[in-house]
> 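First, the structure itself, so that you have it in front of you.
All chains are named by letter (A, B, ...) in the order of the sequence lines, taking the proteins before the strands, and each is independently numbered beginning at 1.
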Number of protein chains: 2
Amino acid sequence: MTYGSTAHEVLAVVFQVRGVDSGEGQPALHVLLWQRALDPERGRWSLPGGRLGHDEDLTTSVRRQLAEKVDLREIAHLEQLAVFSDPARVPGGRTIASTFLGLVPSAATPALPSDTCWHPVSELPEMAFDHRPMVEHAHTRLAAKLSYTNIGFALTPTDFAISTLRDIYCAALGYQVDATNLQRVLERRNVITRTGSTARSGRAGGRPPALYRFTESRYRVTDEFAALRPPG
Amino acid sequence: MTYGSTAHEVLAVVFQVRGVDSGEGQPALHVLLWQRALDPERGRWSLPGGRLGHDEDLTTSVRRQLAEKVDLREIAHLEQLAVFSDPARVPGGRTIASTFLGLVPSAATPALPSDTCWHPVSELPEMAFDHRPMVEHAHTRLAAKLSYTNIGFALTPTDFAISTLRDIYCAALGYQVDATNLQRVLERRNVITRTGSTARSGRAGGRPPALYRFTESRYRVTDEFAALRPPG
DNA sequence: ACAAAAGTGTTTCCAATACACCCATGG
DNA sequence: CCATGGGTGTATTGGAAACACTTTTGT
């Protein structure tokens with residue numbers, strides 16, 4: 001068995017639901033990509049990230065590399081996902097990629113470098129290397145976790161109306177979610193709490209919505225057992 | 001930012017439920033460990049694995065390295081888990097570890113090298129480096145997945161009685177599971193199927209148990225949505 | 001007054017649990 | 001015939017979905 005030199009990179013799939021409360025069309029889930037200026041794969045779109053530094057662990061590295069693209073404070077959740085290790089996944093020297101899921105709240109409007117922008121996940125551009133399956137995998141994980149964790153806190157503004165929350169869940173899940181049931185599921189699990197205040201009515205009138213916020217802004221599993229839960 | 005040389009290793013947390021149908025005591029979840037003969041950490045117990053080869057992906061590497069410890073055909077399920085990347089996690093050169101979850105059916109009795117044996121997860125020995133948290137993490141993942149996937153197929157013999165299945169679930173989960181409910185949950189989800197045949201009664205008599213098998217012996221999520229499932 | 005949006009009440013459904021009871025075998 | 005373990009029937013629970021209806025605002 002030979003052990004050639006192996007580089008290690010981190011790549012982040014950073015999602016944001018964009019177009020909330022804009023009044024124009026439905027909000028949609030977007031992913032942060034930058035366009036390659038040089039070969040290989042010039043012109044194609046890449047996930048932010050880069051080579052792991054000598055003295056950092058993976059999470060530190062992702063945070064450092066994302067700081068070039070978006071303000072760190074905007075990233076409300078960051079979590080390790082799968083490793084992509086095909087020896088031929090990128091040309092040149094062998095590089096193993098650890099992928100991360102990053103979430104940015106809807107309200108945030110980070111300044112972006114000129115080569116970087118948000119793309120709707122429903123219509124991804126031509127992507128470099130194996131970055132497209134990475135986005136798809138991250139999207140699958142996000143959708144699954146919305147159903148049994150409080151991960152929504154990382155996609156929403158601090159305070160929000162239930163209808164806004166519904167729009168965000170719809171965009172991230174890709175199907176219609178009923179606002180009433182969403183409210184009750186999350187209230188029952190004590191994931192969201194009423195703030196007590198209300199927002200203004202929209203342009204077309206209507207009752208002013210009560211504002212909610214996530215009870216905790218730390219990732220937590222809220223429904224661990226689909227079945228076979230411990231007795232009692 | 002400096003990029004020193006970085007090695008990459010794979011480590012497998014291989015579980016088996018041992019002591020099923022032995023008549024002696026309760027079966028227990030065991031993990032496969034080998035004892036280090038040399039420094040560093042001489043005498044402590046390690047997870048099987050080793051350095052990633054130049055031309056293999058992670059899964060190939062784990063399979064290759066496990067082949068030295070157990071027969072490949074005995075490993076019914078193998079899946080990537082977390083990466084451990086603390087720069088100081090092992091002495092010497094920097095080494096990133098990708099961990100895997102491996103499962104061996106109860107009936108299998110693989111021949112083991114002399115430095116290798118099964119240890120009950122409930123009383124782990126002194127372990128080398130950061131291997132203990134790796135075992136704990138893998139155990140947590142296994143327990144969670146037993147509740148919403150068909151992953152049990154990789155822990156059981158091909159054909160089994162429900163009471164045997166219950167013993168295996170109890171050992172892996174660490175709490176009591178009701179055989180009746182286990183049967184119905186898995187039948188409803190079409191995870192297990194009756195074979196039509198029955199086993200013999202045990203030494204103390206009793207009705208002969210019907211035999212079941214897992215409908216599919218490929219990993220599958222059987223209860224994707226804890227809540228917020230798509231309409232319809 | 002009316003439309004629009006938010007929120008509540010109520011019904012239905014179904015998976016999962018709990019437990020009582022029946023079945024088949026060995027000794 | 002009875003102890004032992006296996007299997008079935010059935011009631012209860014509780015979370016989630018579906019939907020009708022009420023409340024509160026702007027125009």
> In this structure, how many angstroms lie between the P atom of D:dA17 and the CD atom of A:Q183, rounded?
14 Å

> Distance check needed: D:dG15 P versus B:R229 CZ, whole Å only.
13 Å

> Going by salt bridge (charged side-chain N to carboxylate O under 4.0 Å, His left out), A:E216 matches just one of A:R220, A:R218, A:R213. Which one?
A:R220

> Considering every strand and a 4.0 Å limit on heavy-atom distances, what is the contact class for B:A210: base, sugar-phosphate, or nothing?
sugar-phosphate

> If the threshold is 4.0 Å, N to carboxylate O, is there a salt bridge linking A:E79 and A:K145?
yes

> Any chance the side chains of B:T164 and B:D167 put a donor and an acceptor closer than 3.5 Å?
no

> Could you tell me the boundaries of the chain B footprint on DNA chain C, defined by atoms under 4.0 Å from its heavy atoms?
C:dA15 to C:dG27

> Hey, what's the ring geometry for A:F160 with A:Y212, parallel, tilted or perpendicular (30° and 60° as the breaks)?
parallel

> Mind checking A:R189 for me? I need base, sugar-phosphate or nothing, with any heavy atom below 4.0 Å counting as a touch.
sugar-phosphate

> Figure out the CG/C1' separation between A:N190 and D:dG15, and round it to whole Å.
16 Å

> Pick base, sugar-phosphate or nothing for A:A226, based on heavy-atom distances below 4.0 Å to the nucleic acid.
sugar-phosphate

> Do A:D115 and A:S46 come close enough that some side-chain heavy atom pair is under 4.5 Å?
no

> Quick one: does B:V14's side chain get under 4.5 Å of B:W118's, heavy atoms only?
yes

> I'd like to compare against my own output: the B/S/- annotation of nucleotides 18-27 of chain D with a strict under-4.0 Å heavy-atom distance to protein.
BB---BBBSS

> Scan for salt bridge (Lys or Arg N to Asp or Glu O under 4.0 Å) pairs involving residues 119-131 of chain B, sequence neighbours excluded, and state none if there are none.
B:R44-B:E126, B:R89-B:D130

> Can you measure A:Y148 atom OH to D:dG15 atom C1' for me and round it to whole angstrom units?
19 Å

> Report yes if the side chains of B:C170 and B:Q26 come closer than 4.5 Å at any heavy-atom pair, otherwise no.
no

> Using a 4.5 Å cut-off on heavy atoms from C-beta on, say whether the side chain of B:R229 contacts that of B:E224.
no

> Nearest heavy atom decides the nucleotide; on that basis, is B:L228 or B:Y212 closer to the 5' end of DNA chain D?
B:Y212

> Nearest whole Å is fine: how far is D:dG14 P from A:D223 CG?
15 Å

